[in-house]
Amino acid sequence: MICVSIGRSRHKHMLAEHAHLVEQGAELVELRLDYISSRVNIQRLLKDRPCATVITVRREQDGGKFTGSEDARLMMLREAIANGVEYVDLEDDIAGKIPRFGKTKRIISYHNFRNTPDNLREVHDRMKALDADIVKIATMANQPHDDLRVLEMMQESDCPTIGMCMGDIGTPSRILGPKFGAPFTYATFHHERALAPGQLSYDQMVNVFRHNNINSKSAVYGVVADPVGHSLSPQIHNAAFGAAGIDAVYVPFRVPFDVLGQFVEDVPRLGIKGLSVTIPHKEAISKFLTKVDPAVKGIGAVNTVLFKGEEVLGYNTDYKAAMDCLEHALGGAVLPGQTSPLQDKKVLVLGAGGVSRAVMYGLQRRGAKVTIASRTKQRAQYLADTFGGKCIEWAARHVPADIIVNCTPVGMHPNVDESPFNKSNLKPTMVVFDTVYNPESTLLLKEARSHGCRVVTGVEMFIRQAALQFLLFTGQEASEPLMRETLKRAIGPVKY
Ligand code: NAP
């Protein structure tokens, strides 16, 4: 179950949001009285409440907004209990001052905005001893291992406990609560109005993470990156799990570079079966793998990891996705043993980073004639030496080509008015592939279309690599149309 926190300065907005949430299916709501800027009228808020309610009056020192006297705060909590509210939230230092009364259940809460203390179990036992119906422990995650400690504390507890970590490193602990026995977890009314750092919205919890379906047996997948907040992979993988009826959840794991090893060690205890891997871990993850597919060896980068018993298997779906997209644009899928339509094509690759490596590897194996240009020439030269091809100066990049592949971020949101290739050099016979997927229709692609070129979008590559990951994760084909529709909705409207 999800408890949605509402913090509004006016009673009428709080009441309206409460009613709206219940229409959306919410079963439990927390009213944060500390957000109300006028004199609080508890009876008005509780009289016709449409669902079970938690009353909380958080002080500034505990991350709230209440600045009045402690006597006034205790009075509000007692009044809520006298009005028969379903739950009150009491911090540990005031729990002894507010006696149990009627049917109101007591959530005894502990907040730590600095860290997740080593003595979590002691803290838990102390809260439990304060006549708790539910213990709530919210601590700051400074590293992903903190999430695991809080989740396991909750799982091993002998009284109903909600454990969660704050901050974006803590997001997995909010999503995985039901897997580790949380009676409910907290979400916010709107994603732009989080009441605690790292809190997700009710809409994200229900519609992206399918939180109401998560249970102790749900398999865990995710993306490991730093930063991870911008990743759209959770949206498309969770949508695909839902459509396929698979009991699994896909979680964004923000893992700083220096603690990747600890995170990999924690994988079995978190129930993780597979991961998408992205910046900055694509190369560093290699040292934890027991087996890799040939493409990983060739490219030197991993974007997918599977955990199967003792085996940790590494794959790269980026290269296959990029080649499938290009071959499709050139006339369709290539069957094993057939010659690729890319053979002998003159391909200009722009950029020399991670995506270029995958593209260069694929083009080399398909017999294309590659020219590469990048802002930092040494990086382009290195890729030309490694995969074959000619390296030219960035300033000299407008050479004749059958295919152009942009592997730089030029044209990516918010710099949507930039293009890495001058439109006067575009020819109608060209295929232009922009790996940038946000926006889908970059300036380069718009200009290519208006010059009569065939185009391949970064969205197609992104969907293809995700579908290949999904196949590795589950052994099942993903619904690509659903993934595409979900991704396009997440990116926003296409402007041609
Ligand atoms: P990366 O490793 O950081 O490499 C970026 C390359 O672009 C570098 O060679 C860099 O040159 C060059 N570059 C950056 N800014 C530039 C500028 N203003 N002008 C000219 N060159 C510039 O990044 P990556 O992982 O390869 O990703 C590149 C792009 O691919 C991303 O921005 C993303 O849009 C796209 N992408 C798409 C997918 C997909 O599935 N569709 C997946 C991943 C990435 P220097 O060496 O001089 O810095």
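Note that the structure is a prediction, hence the values are computed from the model and not measured. One-based numbering, in listed order, for ligands and for the atoms of each.
- Checking each of Asp146, Val228, Asp147 against Ile169 for a side-chain contact (heavy atoms from CB on, under 4.5 Å) leaves exactly one that passes, namely Asp147.
- Protein heavy atoms are found inside the 4.0 Å sphere centred on atom 13 (N) of ligand 1.
- Set against the non-hydrogen atoms of Val436, the atoms of ligand 1 under 4.0 Å away are 34 (O).
- For atom 4 (O) of ligand 1, the closest heavy atom belonging to the protein is Gly353 CA, 3.3 Å.
- With Glu418, Lys377, Arg375 as candidates, the residue nearest to atom 10 (C) of ligand 1 on a non-hydrogen basis is Arg375.
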Check against side chain to side chain contact (heavy atoms under 4.5 Å, CB included), Lys136 and Met164:
CA-CA 8 Å; Lys136 177 185 171 194; Met164 61 202 161; 3.5 Å; yes
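- Counting heavy atoms closer than 4.0 Å to ligand 1, residue Pro409 contributes atoms from both its backbone and its side chain.
- Listed by number with element, the atoms of ligand 1 under 4.0 angstrom from any heavy atom of Ser374 are 9 (O), 11 (O).
- A salt bridge does not link Glu460 to Arg464: none of the charged nitrogens lies less than 4.0 Å from a carboxylate oxygen.
- Selection from Ala352, Pro280, Gly354 by nearest heavy atom to atom 23 (O) of ligand 1 gives Gly354.
- The protein heavy-atom contact nearest to atom 20 (C) of ligand 1 is Trp394 CZ2, 3.5 Å.
- A salt bridge between Asp168 and Arg254 is present, with a side-chain N of the basic residue lying under 4.0 Å from a carboxylate O of the acidic one.
- Taking each heavy atom of Lys282 and Asp318 in turn, the nearest pair found is NZ-OD2, 2.9 Å.
- Residue contacts with ligand 1 for Val410 involve side-chain atoms from C-beta outward but no N, CA, C or O (heavy atoms, distance under 4.0 Å).
- By the 30° and 60° cut-offs, the orientation of the rings of Tyr319 relative to Tyr361 is perpendicular.
- In terms of protein heavy atoms, atom 45 (P) of ligand 1 is closest to Thr376 OG1, 3.5 Å.
- Atom 28 (C) of ligand 1 has Cys407 O, 3.3 Å as its closest protein atom, hydrogens excluded (heavy atom only).
- Side-chain contact between Gln24 and Tyr202 is present, with at least one heavy-atom pair separated by less than 4.5 Å.
- Thr486 and Gln235 are not linked by any side-chain donor-acceptor pair at a separation below 3.5 angstrom, with hydrogens and angles left out of the test.
- Using bins of under 30°, 30° to 60° and over 60° for the plane-to-plane angle, the ring pair Phe241/His237 lands in the tilted bin.
- Looking at atom 37 (C) of ligand 1, its nearest protein heavy atom turns out to be Thr435 O, 3.0 Å.
- Distance from atom 46 (O) of ligand 1 to its nearest protein heavy atom, with residue and atom name: Arg379 NH1, 2.7 Å.
- With Tyr35 as the aromatic partner, Lys65 meets the cation-pi criteria of under 6.0 angstrom to the ring centre and within 45 degrees of the ring axis.
- Shortest contact from atom 33 (C) of ligand 1 to any protein heavy atom: Met412 SD, 4.3 Å.
- Relative to atom 42 (C) of ligand 1, the option among Val355, Thr278, Ile463 with the closest non-hydrogen atom is Val355.
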